[in-house]
Each structure stands twice: as C-alpha cells, then as structure tokens.
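Letters go in sequence order (proteins before strands), and every chain restarts at 1.
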Amino acid sequence: MMYSEKVMDHFLNPRNVGEIEDADGVGQVGNAKCGDIMKMYLKIEDGIIKDAKFKTFGCGAAVATSSMATELIKGKTIKEAEMITNKVVMEALDGLPPVKVHCSVLAEEAIAAALQDYKRRNGLLEDDRYEGCQGCCGGCGAQDIRHEPLHDDSDDE
Amino acid sequence: MMYSEKVMDHFLNPRNVGEIEDADGVGQVGNAKCGDIMKMYLKIEDGIIKDAKFKTFGCGAAVATSSMATELIKGKTIKEAEMITNKVVMEALDGLPPVKVHCSVLAEEAIAAALQDYKRRNGLLEDDRYEGCQGCCGGCGAQDIRHEPLHDDSDDE
Amino acid sequence: MQKQIIYFDHAATTYVKPEVFEAMKPYFTEQYGNPSSIYSIGRSNRKAVEDARCSVAKSIGAAESSEIYFTGSGTESDNWAIKGAALALQKKGKHIITSNIEHPAVLATCEFLQKQGYDITYVKVNEEGLVNPDDVDKAIRPDTILVTIMMANNEIGTIQPIKEIAQVCKKHGVLFHTDAVQAAGNIPIDVKDLGVDLLSVSGHKFYGPKGTGMLYIRKGVKIESLIHGGHQERNRRAGTENVPGIVGFAKALELANENMEAHYKKLSSLRDKALKGIMERIPYVRVNGSMEKRLPGNLNLSFRFVEGESVLLMLDMKGIKASSGSACTSGSLDPSHVLLAIGLPHEIAHGSLRLSFGEINTEEEVDYLIDSLDEIISKLRNMSPLYEDFTKGV
Amino acid sequence: MQKQIIYFDHAATTYVKPEVFEAMKPYFTEQYGNPSSIYSIGRSNRKAVEDARCSVAKSIGAAESSEIYFTGSGTESDNWAIKGAALALQKKGKHIITSNIEHPAVLATCEFLQKQGYDITYVKVNEEGLVNPDDVDKAIRPDTILVTIMMANNEIGTIQPIKEIAQVCKKHGVLFHTDAVQAAGNIPIDVKDLGVDLLSVSGHKFYGPKGTGMLYIRKGVKIESLIHGGHQERNRRAGTENVPGIVGFAKALELANENMEAHYKKLSSLRDKALKGIMERIPYVRVNGSMEKRLPGNLNLSFRFVEGESVLLMLDMKGIKASSGSACTSGSLDPSHVLLAIGLPHEIAHGSLRLSFGEINTEEEVDYLIDSLDEIISKLRNMSPLYEDFTKGV
Ligand SMILES: Cc1ncc(COP(=O)(O)O)c(C=O)c1O
Ligand SMILES: Cc1ncc(COP(=O)(O)O)c(C=O)c1O
C-alpha cells in the first residue's frame with residue numbers, strides 16, 4: 001500500500017474542501033458502513049461548473065480522489081465533466097494501489113450524483129442511470145464493470 | 001550428539017587396540033550392515049584376565065566402549081568380568097548419548113562372547129546364553145531388556 | 001519534530017534491542033556451524049540452541065526444556081498447534097472451539113480446517129472483549145478436540161482468563177492452546193500455573209528478531225508436525241535451526257522477563273497519560289476494550305466521524321507511527337473483526353486507532369501525540385460529511 | 001594447525017558473507033517497521049522486501065517478482081510445495097512421484113501424505129545417482145498430481161536432468177516441483193528455461209542467513225497455503241515478514257549469481273585436487289555419484305573397512321569439519337539412503353565422507369586434508385576387524 005506523491009499532496013492539502021451554501025447540485029455516495037462517504041457540491045452557471053466543493057469521510061485515497069475530481073471538473077461543461085471517469089482521476093493522481101481503486105470510482109459517482117441532482121432540479125434528466133451509490137462500490141463486491149482498474153492485479157490480496 | 005571428554009579420550013587414544021596371537025578366548029559381535037563390529041581377544045590365566053585387546057569397526061562410541069571395556073576387565077576374574085555390564089562401561093565413560101547406548105551393549109556382549117569362547121575351549125560351558133550378537137543390538141530394534149539406558153529419553157530421536 | 005520518528009506501534013513489531021543483536025551477531029559470520037553436525041563448531045551451536053531452549057523454558061515456567069520448540073514465526077506456531085492437534089485427534093472428533101477476536105493466524109487456520117471438514121465454534125466476547133469461561137464450558141461437545149483462545153488481544157489488548165479456560169478444558173479432557181504472541185514479554189507467563197497444553201510466542205513482539213517463534217508443547221501432548229523433514233527439534237519441526245534467531249529470541253525473552261515490572265509500569269503510565277490527555281482535549285472518543293484486564297502498552301480509541309487510515313497518514317506526516325483498529329492496512333476493506341465483535345457499529349469501527357507503547361517512548365512524545373491528534377481529528381472532522389450531519393443535527 | 005578451523009561442510013550450511021550481513025544489519029535495530037504497516041517506516045521496509053523479491057526473481061529467471069514467495073526455510077518451501085499441491089489437487093488424484101534420493105524434507109513430507117491416503121511412487125536412480133526422465137514418464141498415471149525431483153543431491157552432488165523431467169511433466173499436464181536447495185548459488189538456475197512449476201531454495205546454503213527460504217510458484221499455479229493467517233506474501237504465506245532475513249537472502253543470491261563462474265571454477269578445482277590427492281595416497285576408496293553431472297564443491301567418498309563417524313571425529317580433532325555420507329549425525333543409525341540407492345553395500349555406505357568445498361577454502365587446506373585423511377584412514381584400518389579379515393584374506 002503505497003500512495004504516489006500526488007495522492008499524498010491531495011490528501012494532506014485537499015483542494016476545495018467545504019460546502020457551497022447555495023449549491024446548484026449536491027450528490028452524496030458511499031456509506032459509513034463501508035468506510036467511505038463523499039459529498040459533492042456544485043455551482044453551475046450556463047452549463048459550466050463554476051465551483052465544486054466536497055466533504056469526505058474516508059481513507060487517504062478517498063480524500064485525494066475527491067480533491068482531484070473537484071479540481072478536474074472546475075471550469076468544465078457538464079458534458080466534459082461527465083467524461084471525467086475514475087480512470088481519469090486515477091491517472092491525474094499518478095495511480096492508486098489496487099485496493100483503493102474503488103475510491104476513484106466513488107469520486108466519479110459523486111460527480112455524477114451531483115450533476116444528476118442539478119439536472120433533476122432543472123428538469124434536464126434524460127435517464128436515471130445514477131441514483132447515487134448507496135452500496136459499496138468496488139469494495140464490497142458490487143463491482144461495476146464500466147470501471148476498470150489501471151492494472152490487472154487480480155492475483156493481489 | 002555430544003560425547004564426554006572421557007569418550008573422546010578413549011576414542012582418540014584407544015587402549016588395548018590390536019590382536020593377541022595366542023588368545024585364550026576370542027569373541028566378535030555386531031555386523032557391518034549395522035555399522036558396528038567388535039572383536040575381543042582375551043588372555044586368561046588361572047581364571048584371571050591377564051590381557052585384553054580389541055579391534056573395532058564403528059563409530060566413536062564403539063571404539064571408546066571397546067577401549068573402556070578392555071581396560072575394565074583386565075586383571076579381573078572371569079566372574080568379575082561378567083559383572084561389567086553396559087551400564088558400568090557407560091558410567092566409566094561419563095555417559096553416552098541416547099542413540100549410542102547400543103555401543104555399550106555391544107561392548108558387554110563382546111566380552112561375554114570372548115569369555116564364552118574361552119569357556120567352550122576349556123569345557124566350562126554352563127549354558128549357551130551368549131552366541132555372540134550377530135544382529136544389531138539396540139540399533140535395529142533387537143532390544144534386550146536386560147540392558148537399560150542410563151536415562152529414559154524415549155521421547156528423543 | 002517533523003523528521004524524528006515517534007513509534008507507537010510496538011504491538012505490530014519492535015526493534016531488536018542492542019543486547020539482543022549483540023548476542024545474535026557471532027552466529028552469522030563466525031559461529032555458523034550446523035547444529036546437527038557432529039564436529040565441534042556444530043556442537044557449540046547445538047549448545048547455543050539448547051541453552052536458548054533452557055532459558056525460554058525458564059522464562060515461561062515450563063517443566064522441561066524439551067517442551068520448547070523453536071519455529072519460524074508466531075503464525076507458524078499457531079498453525080502448528082491447531083492443525084497439528086486437528087490431525088492427531090481427528091479420530092476422536094473434528095470440533096474446535098475458538099473466539100471471534102482471534103488473530104488471523106488462528107482464524108484463517110480454523111477456516112482452512114473448516115474447509116477440510118472440521119466444525120468450528122466461535123465463542124463470543126462481551127463488550128469489553130472478554131471470553132467467558134462458562135461459554136467455553138457450554139460449547140464443549142464429546143467431539144471437541146481443541147480449544148484455542150488467545151491470551152491477549154493484538155488490537156484492544158484485552159487479557160483473557162486463560163487459567164479458568166484451561167481448567168474448563170482440563171475438566172473435559174480437551175486440549176487447550178493459547179496464542180500468547182501479544183502477551184509474551186508484556187505480562188508474566190507461567191505455563192504450569194496457567195495449565196495450558198500449547199502456547200505460541202513470536203520473537204519480534206518483545207524486542208527479539210523477526211522470523212522467530214516458539215511453540216510450547218506440554219510433555220505428553222502429541223500433535224502432528226506441520227513441517228516434516230530432518231530430525232531437528234526432536235523430530236517435530238524440521239529445518240536447519242536458525243541459530244542466531246533462536247539465540248536472539250531467548251535473549252529477548254530473558255531480558256523482558258527480568259525487566260517485566262518496570263516495563264509494565266512505564267508502559268501503562270505512558271498509556272494512561274495519553275488516554276487522559278486525549279479524552280480531555282478531544283470530544284466523541286471511545287476507548288475500546290477492558291481497561292482493567294489489558295496489556296500495559298495498549299490503547300485503542302475510536303474517533304467518531306473520521307476514518308482510521310486518514311488519521312494514521314496524518315500522524316505519519318507528523319512523524320508518529322501508529323496502527324489502525326481496522327485491518328485496512330493489509331489491503332482488506334472490512335473494519336476490524338475485533339471491534340465489530342465488541343459491538344462497535346461499522347462507521348465507528350472505521351475510525352479507530354491503536355497506539356501501542358514501548359520502552360523507547362517518553363512523556364514528551366505522548367504530549368506531542370495528544371497535540372497532534374487534537375489537530376488532526378479537528379481537521380478531518382471539518383472535512384467529514386458525517387460530522388456536518390451531526391453538527392447540523394441531521 | 002590444530003586450533004585453526006578448516007571448513008569443508010558448505011553443503012550443510014555456510015557462514016553469512018560480510019556484505020550480506022551488512023545489508024541485513026539496518027533492519028534489526030533501526031529500520032524495524034512492519035512491512036504491512038501503512039506509515040513511512042513500514043513502507044520503506046515494504047520496499048526493501050519488494051526489492052528483494054525483484055532481485056530474487058532476476059536471480060532465478062522468473063518472469064515476474066510476484067512468483068517469488070519468501071518462507072522460513074528450504075524445508076518449509078518443500079513442505080509447502082508438496083502438501084500445497086496435494087491439497088489443491090486432491091480431487092484430481094492422490095498420486096505423487098518422487099525419487100529415492102530426495103532430502104528428508106521431501107521424503108518425510110511424502111511419507112506424511114502417504115499416511116493421509118496419498119500414493120507415492122519412488123523413481124529409482126542409477127549407480128551414478130541419476131534419475132532417468134523416461135522412468136518418470138512411465139510412472140505418471142491419470143491420477144498423478146505432482147512430480148518432485150531434486151535439482152542437485154545434498155550428499156553426492158548429482159545434478160538431475162530437470163529440464164527433461166519438466167518436459168515429461170508438461171506433456172502429461174502434471175505439476176513439477178524441484179528442490180533446488182543445493183543447486184542455488186552453485187549452478188545457474190533459470191526457472192523459465194527449466195520449465196518447472198515450483199522450486200525451493202534455502203538461504204543458508206549460499207552464504208545467506210539461516211531461517212530463510214523461498215518458493216517459486218509459477219504464475220497461474222494454484223497450491224494450498226501451508227501457513228495460514230495474515231495477508232503477507234500475497235495472502236499465500238502468512239506471518240510478519242522477516243525483513244533482515246529476506247534482504248540477506250536476496251543479497252546472497254545476487255552475489256552468488258554475479259560470482260557464479262569464478263565460484264564454480266574455484267570449487268571444482270579444489271574438489272578435483274582433493275580427489276586426485278586422496279586417490280593417489282589411499283587405497284580402497286570409491287567416489288560416489290556422477291563426476292560429470294555434479295555440483296562443483298561436492299566430493300563424496302567411501303573408505304572401505306572404516307566407519308564414517310570415526311573419520312569425522314578424527315578429522316574434527318585436526319580442525320577439519322566435514323560430514324558423513326550417512327545420516328548418523330542426526331541420531332539415526334541407518335546408513336545414508338542415498339548411498340544405498342546408488343547400490344552401495346551397507347558396510348561401505350557406513351564408511352562414507354562428504355566434503356563440500358566453499359569460497360574460503362584454499363589449496364593448502366586441501367593438502368592438509370589429504371595428509372590428515374591418509375593418517376586417519378590408516379589408523380582406523382589398523383583398528384578394524386574388517387581390514388584384518390581382508391588382509392588375512394578371510
Ligand atoms: C537438498 C536439500 N533440501 C532441503 C534442505 C532443507 O533446508 P533447510 O534445512 O534450510 O530447511 C536441505 C538442507 O538441509 C537440502 O540439502
Ligand atoms: C495475537 C497474535 N497472534 C499471532 C501473530 C502472528 O505473529 P507473526 O506475524 O510474528 O507470525 C500476531 C502478530 O502479528 C499477533 O499479534
């Protein structure tokens with residue numbers, strides 16, 4: 001279990017921690033039982049993400065992926081933000097240990113949940129693919145095949 | 001497997017090695033298969049053991065017990081020599097490792113075989129308890145309950 | 001103080017004491033003979049091993065040194081005791097009793113046996129982490145062949161009533177093994193007084209070397225070997241003896257025994273100081289495990305609304321080395337089975353911290369720990385959506 | 001020269017090389033963290049272990065470092081490979097093939113499995129100590145789950161045709177394990193080229209530390225664990241990692257590999273010199289094992305009419321440390337099963353001597369050995385009733 005320098009930096013100096021009082025979209029995923037909860041707040045103007053903040057209960061990787069995810073989506077359009085998959089977050093952090101991949105999945109889903117909330121509030125909902133992840137993504141076996149780990153380390157622990 | 005100083009002394013400087021050309025009694029016990037052969041030569045005058053010599057093929061304990069046994073019986077009467085059990089030889093050597101106890105048994109039996117040979121030559125045979133040990137005494141399971149090890153180390157190897 | 005290392009994880013592993021290392025040293029490069037060899041340098045190593053065996057026997061109150069068997073780890077000792085008993089007694093029965101707070105070395109071994117057709121009963125502990133001997137009594141069946149209950153827990157430090165459990169086992173004629181890996185060197189062990197049949201110890205928990213362990217097997221107790229081969233360890237544990245390791249193991253246990261009282265006093269006083277300071281400064285903290293029946297150096301705390309790994313990483317950045325109550329570090333995502341067993345809800349179990357004090361620690365270090373924890377827990381709580389909900393009264 | 005020690009028993013165990021000890025040293029008293037810990041000193045030990053694993057993988061030509069598993073001894077590796085395969089494949093069958101000259105670590109393990117209902121076939125070796133791959137081919141049955149044949153023999157140094165045997169096993173889809181404890185460090189090992197599935201090594205045979213070992217498990221090969229517990233060694237071999245031991249093991253193997261050619265040359269030249277000198281001076285001597293397919297440092301001789309322990313003890317008194325061809329030293333009274341397997345009669349097997357040369361040995365030491373042996377064999381023959389019979393023509 002070794003974190004990259006980038007992960008440690010985003011854990012120790014997380015960007016965008018906090019709440020947005022008048023957020024346009026809020027999403028929370030994960031649950032305490034599994035040890036990770038991420039809550040994302042988005043400020044969206046003209047389809048562009050003007051601000052993003054988060055609160056996270058979780059391990060170092062959960063904090064770092066939250067921090068990185070909010071950084072990545074700031075200034076992006078909603079469409080662009082939806083392209084920020086767990087893989088993009090992981091790559092931006094120079095990778096994650098195999099057992100921590102699920103944290104990046106959680107970050108992707110937290111963004112999606114916040115965006116969905118925004119769309120719902122604004123009557124833009126096309127489908128209801130995301131209902132927020134209330135189960136344990138990755139960790140407790142609820143694997144989502146769309147989310148691939150960077151390395152195939154299935155033999156590992 | 002640690003030999004006492006006495007054992008090492010009798011092994012490195014064995015007393016009474018050799019043959020007696022005109023021996024009055026000769027006995028050989030053990031066999032090559034088991035790794036120990038002892039051959040004893042006795043010179044007996046007026047029922048007294050005037051000289052004893054041996055040749056031994058075997059381990060350090062086999063040589064040392066042969067040496068000690070010949071020392072112990074020299075000058076003794078036949079009756080006295082017959083009292084020199086394996087236990088006496090072992091005690092005189094300050095003990096033997098459990099796995100080497102059979103060597104002292106062999107020494108006792110070599111004396112007995114030589115004495116028996118003397119008696120046979122002189123028509124003194126009372127019984128034929130000893131025919132010389134052609135099997136493996138102690139080592140290969142042919143235990144003789146008369147011969148007790150000094151310590152009960154049955155749990156040991 | 002950033003660069004200096006403050007080590008509060010002695011339950012995970014300890015450094016080798018300089019005296020212990022000195023005792024081991026000659027056996028690496030100079031006195032290297034194989035103890036099974038017949039010649040003199042082999043024989044002097046045989047003597048070193050046998051002297052170590054006598055010393056260990058004395059340290060744990062064994063009747064004879066021949067009851068001491070050196071192994072390669074505490075885990076190996078646990079595996080040997082349990083699988084060895086299981087194989088030797090399979091004709092008598094296939095039922096084994098253990099507790100639900102054992103170390104993985106015991107639990108995984110029991111799970112393995114379960115797959116091989118054995119039946120395992122897990123006795124529950126109370127909210128302090130204690131096994132009730134009566135529960136063991138009730139769990140024993142005619143086909144029970146072994147009870148294995150740890151002497152002291154590695155996460156919450158709880159010390160079990162081993163003597164009472166041993167009496168229960170004796171009454172029923174059932175073998176009793178105890179994993180004393182955390183107990184050894186920290187609290188007195190007297191196998192005769194305890195009345196145990198089998199007892200496991202690991203060297204690197206009391207300032208001895210890693211990769212060394214010991215299994216006490218009471219005279220007359222027959223168990224199958226785990227590692228077959230040469231004649232070493234009275235034909236019961238094969239493999240060329242790790243002479244420096246064995247010498248170091250014995251030396252470390254010897255020192256621990258001589259020093260037991262002062263060690264106990266020092267560690268428990270540091271522990272109590274830390275507890276008091278933390279409780280005074282930080283709200284919503286819970287102590288896990290019995291405070292009365294507890295290893296001197298163990299402190300296990302749950303900080304609500306935060307997650308354990310984050311706490312550990314931030315402590316690490318401040319130079320403080322501790323351990324999570326959860327097994328997170330080992331790659332597992334489940335919270336500690338021990339904390340769940342004493343009734344903690346998952347989210348609280350996730351926020352747990354184990355501090356295990358040792359002989360090098362000082363009061364200043366404890367002060368620094370208290371300050372650091374205060375700062376870290378605040379920071380993490382401010383980042384926590386659970387704390388947000390709590391303060392908003394959600 | 002009486003007091004000086006001349007060590008010709010490197011096959012029993014070696015000293016730890018100073019460079020190896022230096023590499024190990026920091027991990028005892030300074031860098032002692034548990035590699036499973038999350039914090040930085042634990043992580044740097046994790047790195048030390050993983051670097052060692054990479055180095056070992058390179059040393060034996062493994063495709064990936066994840067195929068390397070550290071254990072507590074060569075014996076443990078052998079036990080793990082054989083029992084692990086037996087348990088994992090018991091549904092497929094219960095037949096195992098081995099040879100009749102294996103080390104006790106393999107033989108005793110097979111005997112244990114036999115008692116558990118497995119069926120063992122012992123392939124015979126020829127008078128040079130060589131296994132014929134065709135014999136393995138013929139012995140394989142539909143229920144064969146494992147073939148285990150040692151790479152090099154510990155008594156007579158014979159090197160087996162491992163690559164050919166591996167091909168036979170592959171053809172039949174049967175797992176193949178080789179005990180390379182004597183081979184490692186003495187002859188090149190390339191697991192990919194050899195095509196083996198499992199391969200055991202022990203640290204203290206190539207100037208590494210005692211109490212360390214390694215099992216190579218080819219990627220994709222599934223065997224049951226021998227030691228269950230924590231998550232170490234990718235969940236397959238539990239127990240806190242012996243960090244200094246692992247570091248020393250890897251360093252020693254690395255040095256051996258770098259130095260292989262010079263090592264081979266030096267040892268075989270000392271060996272050949274000894275053989276020539278002894279044969280010229282002493283009559284009725286026999287060399288055991290193939291001279292062509294042989295470890296460089298191994299010489300195994302039978303001196304007729306004398307017994308091995310006596311020779312050893314007298315050599316010891318002259319400062320020369322060697323080993324008996326027989327297992328006498330370990331408390332057993334039977335002559336070596338290896339010498340019997342290559343057709344020696346008991347009385348000749350009893351008079352055997354193993355000399356195993358190492359890097360510290362010199363030509364002067366070999367000269368002294370030849371002189372000493374000449375004297376000792378004469379003395380013992382003069383004491384021997386067998387020699388008496390022989391000279392008298394009985
Ligand atoms: C061929 C062989 N296999 C296995 C072993 C066992 O190794 P260890 O004693 O280090 O466990 C040895 C050496 O003793 C050996 O020579
Ligand atoms: C209670 C307990 N049992 C067993 C073990 C296993 O010991 P080792 O890792 O030395 O094999 C440990 C420590 O890791 C422990 O704390």
Pair C/Ser324-C/Glu309, side-chain donor/acceptor within less than 3.5 Å: no
Region of D/Glu102 in contact with chain C, defined by heavy-atom distances below 4.5 Å: neither
Presence of salt bridge, C/Glu22 and C/Lys17, under 4.0 angstrom: no
Chain C interface, residue from D/Tyr27, D/Tyr32, D/Phe112 that has the most non-hydrogen pairs under 4.5 Å: D/Tyr32
Chain C contact via D/Thr14 - side chain, backbone, both or neither, heavy atoms under 4.5 Å: backbone
Top contributor to chain C interface from D/Leu226, D/Leu315, D/Val243, D/Ile320 [non-hydrogen pairs under 4.5 Å]: D/Leu226
C/Arg236 vs C/Glu233, salt bridge (Lys or Arg N to Asp or Glu O under 4.0 Å): CA-CA, chis, key distance, verdict: CA-CA 6 Å; C/Arg236 295 174 88 165; C/Glu233 299 297 294; over 6 Å; no
Residues C/Arg46 and C/Glu50 bridged, charged N to O under 4.0 Å: yes
Contacting moiety of D/Glu224, where chain C heavy atoms sit under 4.5 Å: side chain
Residue D/Glu30 versus chain C: region with a heavy atom under 4.5 Å: neither
Toward chain D, the part of C/Glu241 with a non-hydrogen atom under 4.5 Å: backbone
Contacting region of D/Phe28 [heavy-atom separation from chain C under 4.5 Å]: both
Side chain, backbone, both or neither of D/Asn79 within contact of chain C (heavy atoms, under 4.5 Å): side chain
Residue part contacting chain C, namely of D/Leu87, when any heavy atom lies under 4.5 Å: side chain
Heavy-atom contact with chain C under 4.5 Å, split by part of D/Tyr207: neither
Residue D/Leu113 versus chain C: region with a heavy atom under 4.5 Å: neither
Output field: ring centroids D/Tyr15/D/Tyr7 closer than 6.0 Å: no
Most chain C-contacting option - heavy-atom pairs closer than 4.5 Å, from D/Val20, D/Thr75, D/Leu107: D/Thr75
Interatomic spacing from OH in D/Tyr69 to OG in D/Ser225 - rounded to 0.5 Å: 9.0 Å
Contact origin within D/Ile227 toward chain C - heavy atom pairs under 4.5 Å: both
Flag for D/His228-C/Thr109: side-chain donor and acceptor within less than 3.5 Å: no
Side chains of D/Lys321 and C/Ser37, donor plus acceptor under 3.5 Å: no
